[in-house]
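Letters go in sequence order (proteins before strands), and every chain restarts at 1. Model, not experiment: these values are computed from the prediction.
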Amino acid sequence: MKILVGYKRVVDYNVRIQVRPDGSGVVTEGVKQSANPFDEIALEEALRLREKGIATDVTVVGIGPADLTAHLRNGLAMGANRAIHVISATPVQPLTAARVLLKLVEREQPGLVILGKQAIDDDNNQTGQMLAALWGRPQATFASKVEISGNVARVTREVDAGLETLEVDLPAVITTDLRLNEPRFIKLPDIMKAKSKPIETIELAALGVESADHLKATGTAPPPRRQKGVMVRDVPELVAALKAKGLL
Amino acid sequence: MNTILIVAEHRDGKLNPATAKCVSCARAIGGAIHVLVLADAAGAIAAEAARLDGVGKVLVVERGENAHALAAVLAPQVAAAASDCTHLLAPSTTFGKDLLPRVAALRGVAQVSDIMAVDGAHAFQRPIYAGNAILRVEAPADALVIGTVRVASWPAVGTAAQAAPIEALQLDVVLPSHTRFVELRQGKNDRPDLQSASRVVSGGRGVGSAENFALIFKLADKLGAAVGASRAAVDAGYVPSDMQVGQTGKIIAPELYVAIGISGAIQHLTGIKDAGTIVAINKDAEAPIFEVADFGLVGDLFKLVPELEQALG
Ligand SMILES: Cc1cc2nc3c(=O)[nH]c(=O)nc-3n(C[C@H](O)[C@H](O)[C@H](O)COP(=O)(O)OP(=O)(O)OC[C@H]3O[C@@H](n4cnc5c(N)ncnc54)[C@H](O)[C@@H]3O)c2cc1C
Ligand SMILES: Nc1ncnc2c1ncn2[C@@H]1O[C@H](COP(=O)(O)O)[C@@H](O)[C@H]1O
């Protein structure tokens, strides 16, 4: 079975985000970028399924600008067999990403597509669900445990009420939550090996998907800041302060 | 005029309070507000929904297949039910996040995730980058608007003097069988619900172990508070995952939030930005949590928390 993995590049989660003064977005120039943390988890899960003999081929997919190659090489260094780079000079919104992924799914016929539950730049949390709908296949979102036997995946999901377990027929889309696994580190020899692994590039326009932006961004602003409060010296002072505010 | 359809979230025959918050958002958009209840037995849920102030009509689809909220099963029904609407909303809980994008793709439209403010019938504000920036977006004026509602940004509506009418809805849609519910494991918990509690006490890695979390629970019980946790505390196995607060856990807006042994990483802070008053107890005076805390107390939690619990009488 083949597995397709979403492997998006985003501003690293440790970066302090700055909004551009003209409100046209956040500063991404000269800022550290990394794989979306949920996508590293997706790739790790796919690699483990290959190591168990359940998957044969793991392909990472990135939709983004021409310089995405170095990022995709990291996915190959982590262990993916190949990469597909769908070139799009401008960022794509989830519905477009899902339509692109559907094209690749139709061509590659994977048994499983594993995406992150959300990309931590736009925090949309949509693409996996949209792909599953367009493909007419099951979705198991927010996965914290995946077990495959034959043609069925049993997936435990982190939901508000606790842990929900679903059984889905394959092929299916799974989106990852943080506790699914801990991604491995890339070792130096793997970086060398990755150099000879194939990266296929496709122009987004060549896929024949409708890729107009659906939502128009009209401005970005910094969030309202909370007022810095006061330090209290001890517990009695804290209790008094809370009482004074009518909270106790 | 706008017709806004809200997908009700419910469990064990009860309406989730998140639905009443979606009604607030719908009122900000303006128009007729309908609530859609998909369930195997909808009676009590529909009756509750009909009492929400501002709701004009409750639509009910009762089918055995709707016993569990499986997105793949619910989505085609919601997509069909929304055919005469201008807007479709659901809460940005794991229920709504799972379901609505599937509906959006079936309808071929985009989704606005985590609506925190309404600027117009097609213009919204939403957080991006873990709440470190606020994006204004416009949805196309000629298409169905689909959005999840960031519940921490909206108050629940009150009770209406008169209940809205409840109507059964017949939908001619085929439901898939490729997705099956197996089980739901819930932590046994008779404390207030984390997402709707007015007081929350959370513990972080500083608490040190599952056993030590008893300190947090004891304080919470004194305050009548729900209990939350940082990701580090969940990852370390101190408490179950449904207690995680933050970007990838629950986004909450209690009147009082007490963070104990939590450093205040941005991913955690994004979950508590809308809290009324934040109290932080941490032994590190430089911890970022103190940047947002209304009242900060520096010291060892193993000494301070029992002392606080005592002081509350
Ligand atoms: C994609 C992504 C998503 C994430 N989502 C979330 C999320 O939803 N929620 C979340 O919380 N985190 C999230 N995180 C993790 C986040 O970055 C932090 O790692 C996490 O919040 C740290 O938890 P903590 O504050 O409990 O632990 P630490 O950062 O280790 O802090 C522990 C604190 O306890 C204090 N302490 C220790 N001992 C004592 C004592 N005896 N008395 C008093 N104080 C003491 C220390 O001074 C320290 O400040 C996410 C990370 C990523 C990458
Ligand atoms: N441009 C992209 N390139 C690769 N994968 C993507 C892209 N956009 C979305 N995805 C996948 O979809 C997941 C959810 O993204 P989102 O719906 O944008 O929050 C991500 O974690 C990725 O796995």
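Heavy atoms closer than 4.5 Å to chain A are found nowhere in B:N16, neither backbone nor side chain. Both the backbone and the side chain of A:Y13 come within contact range of chain B, with heavy atoms under 4.5 Å apart. Contacts of B:I134 with chain A are made by both backbone and side-chain atoms, with heavy-atom separations under 4.5 Å. When heavy atoms are compared at a cutoff of 4.5 Å, B:Q267 approaches chain A solely by way of its side chain, counted from C-beta outward. Only the side chain of A:V19 comes within contact range of chain B, with heavy atoms under 4.5 Å apart. With a 4.5 Å cut-off on non-hydrogen atoms, A:N14 does not touch chain B at all. For B:P240, no part lies under 4.5 angstrom from a heavy atom of chain A. Residue A:A132 touches chain B through both its backbone and its side chain, counting heavy-atom pairs closer than 4.5 Å. Contact of B:V112 with chain A is made through backbone and side chain together, with heavy-atom distances under 4.5 Å. Looking at B:L223, only its side chain comes within 4.5 Å of chain A, counting heavy atoms on both sides. With a threshold of 4.5 angstrom between heavy atoms, B:A293 approaches chain A through N, CA, C or O but not through any side-chain atom. Interface residue B:I272: only backbone heavy atoms are found under 4.5 Å from chain A. For B:L70, the part lying near chain A is the side chain, with the backbone staying farther off; criterion is any non-hydrogen pair under 4.5 Å. Heavy atoms closer than 4.5 Å to chain A are found in both the backbone and the side chain of B:K97. Using a 4.5 Å cut-off between heavy atoms, B:F124 makes no contact with chain A at all. The contact between B:Q247 and chain A is made by backbone and side chain atoms together, counting heavy-atom distances below 4.5 Å. For B:R231, the parts lying near chain A are the backbone and the side chain together; criterion is any non-hydrogen pair under 4.5 Å. When heavy atoms are compared at a cutoff of 4.5 Å, A:V152 approaches chain B solely by way of its side chain, counted from C-beta outward.
Among A:V26, A:L95, A:L163, A:L248, the residue with the largest count of heavy-atom pairs under 4.5 Å with chain B is A:L163. Annotation: maximal heavy-atom pairing with chain B below 4.5 Å, among A:R16, A:Q126, A:M130, A:E164, occurs at A:Q126. Across A:G162, A:P94, A:A133, the residue that shares the most heavy-atom pairs under 4.5 angstrom with chain B is A:A133. Among A:V168, A:T220, A:T218, the residue making the largest number of heavy-atom pairs under 4.5 Å with chain B is A:T218. The candidate with the highest count of non-hydrogen atom pairs below 4.5 Å against chain A, out of B:Q125, B:H122, B:R185, is B:R185. Comparing A:Q93, A:E210, A:R157 by heavy-atom pairs within less than 4.5 Å of chain B, the highest count is held by A:R157. Taking chain B as the reference chain and counting heavy-atom pairs below 4.5 Å, the highest number among A:D121, A:T175, A:D122, A:L131 is found for A:D121. Across B:S198, B:S177, B:G108, B:A285, the residue that shares the most heavy-atom pairs under 4.5 angstrom with chain A is B:G108.
A pairwise comparison of heavy atoms in B:G131 and A:D123 identifies N-OD2, 4.5 Å as the closest pair. Of all heavy-atom pairs spanning B:E307 and A:P236, the tightest one is OE2-CD, 4.3 Å. Minimum interatomic distance between B:T179 and A:P138 (heavy atoms only, all atoms of both residues): OG1-CB, 3.3 Å. The two residues A:H214 and B:A110 come nearest to each other via the heavy atoms CB-CB, 3.3 Å. Closest of all the heavy-atom pairs between A:A161 and B:Q186 is O-CG, 3.2 Å. Here the closest non-hydrogen pair linking A:V235 and B:L297 is CG2-CD2, 4.1 Å.
Just one of A:Q118, A:E158, A:R179 meets the side-chain contact (heavy atoms from CB on, under 4.5 Å) condition when paired with B:T248; it is A:Q118. Checking A:V15, A:I17, A:V11 one by one against B:N132, the side-chain contact (heavy atoms from CB on, under 4.5 Å) holds for a single residue, A:I17. Among A:Q139, A:K117, A:Q129, the single residue meeting the side chain to side chain donor-acceptor pair (under 3.5 Å) criterion with B:D98 is A:Q139.
With hydrogens and angles ignored, the 3.5 Å screen pairs no side-chain donor or acceptor of B:D294 with any backbone N or O of A:G229. Looking only at distances, a side-chain donor or acceptor of A:R226 sits under 3.5 Å from a matching main-chain atom of B:A275. Under the 3.5 Å distance criterion, the side-chain polar atoms of B:S113 are matched with a main-chain donor or acceptor of A:N124.
With contacts defined as side-chain heavy-atom distances shorter than 4.5 Å, the pair A:V230/B:F295 qualifies. Side-chain contact check for A:E167 versus B:F181: every heavy-atom pair is 4.5 Å or farther apart. At a threshold of 4.5 Å between non-hydrogen side-chain atoms, the residues B:V137 and A:K216 do not count as touching.
Rounded to the nearest 0.5 Å, atoms CG (B:D114) and CG (A:N125) are 8.0 Å apart.
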Problem set entry | side chain to side chain contact (heavy atoms under 4.5 Å, CB included) evaluation trace for B:Y129 with A:I120 | CA-CA 6 Å; B:Y129 288 93; A:I120 62 161; over 6 Å; no
For this session: Take B:V182 and A:R154 through the side chain to side chain contact (heavy atoms under 4.5 Å, CB included) test and state the conclusion after the steps.
Result: CA-CA 9 Å; B:V182 178; A:R154 186 179 260 255; 3.6 Å; yes
Exercise. What's the verdict on side chain to side chain contact (heavy atoms under 4.5 Å, CB included) for A:D160 and B:K250, showing C-alpha distance, side-chain angles and the deciding distance?
Worked result: CA-CA 8 Å; A:D160 291 339; B:K250 288 174 179 159; 3.6 Å; yes
For this session: Could you give me the CA-CA distance, side-chain angles and deciding distance for B:E138 and A:L215, then say whether side chain to side chain contact (heavy atoms under 4.5 Å, CB included) is met?
Result: CA-CA 6 Å; B:E138 267 174 32; A:L215 298 178; over 6 Å; no
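Heavy-atom neighbours of B:E255 CD from other residues, nucleotides or ligands within 6.0 Å: at or below the threshold of 12. Other residues, nucleotides and ligands place no more than 12 heavy atoms under 6.0 Å from the NZ atom of B:K14. Within a 6.0 Å sphere centred on NZ of B:K222, other residues, nucleotides and ligands contribute more than 12 heavy atoms. Within 6.0 Å of atom CD in B:E286, 12 or fewer heavy atoms from other residues, nucleotides or ligands are found, so the atom counts as exposed in its surroundings. Residue-environment remark: CD (A:E147) exceeds the threshold of 12 foreign heavy atoms within 6.0 Å. Few gaps surround CD on B:E183; more than 12 heavy atoms of other groups in view lie less than 6.0 Å from it.
Classification of B:R180 and A:D169 as a salt-bridged pair holds, one side-chain N sitting under 4.0 Å from a carboxylate O.
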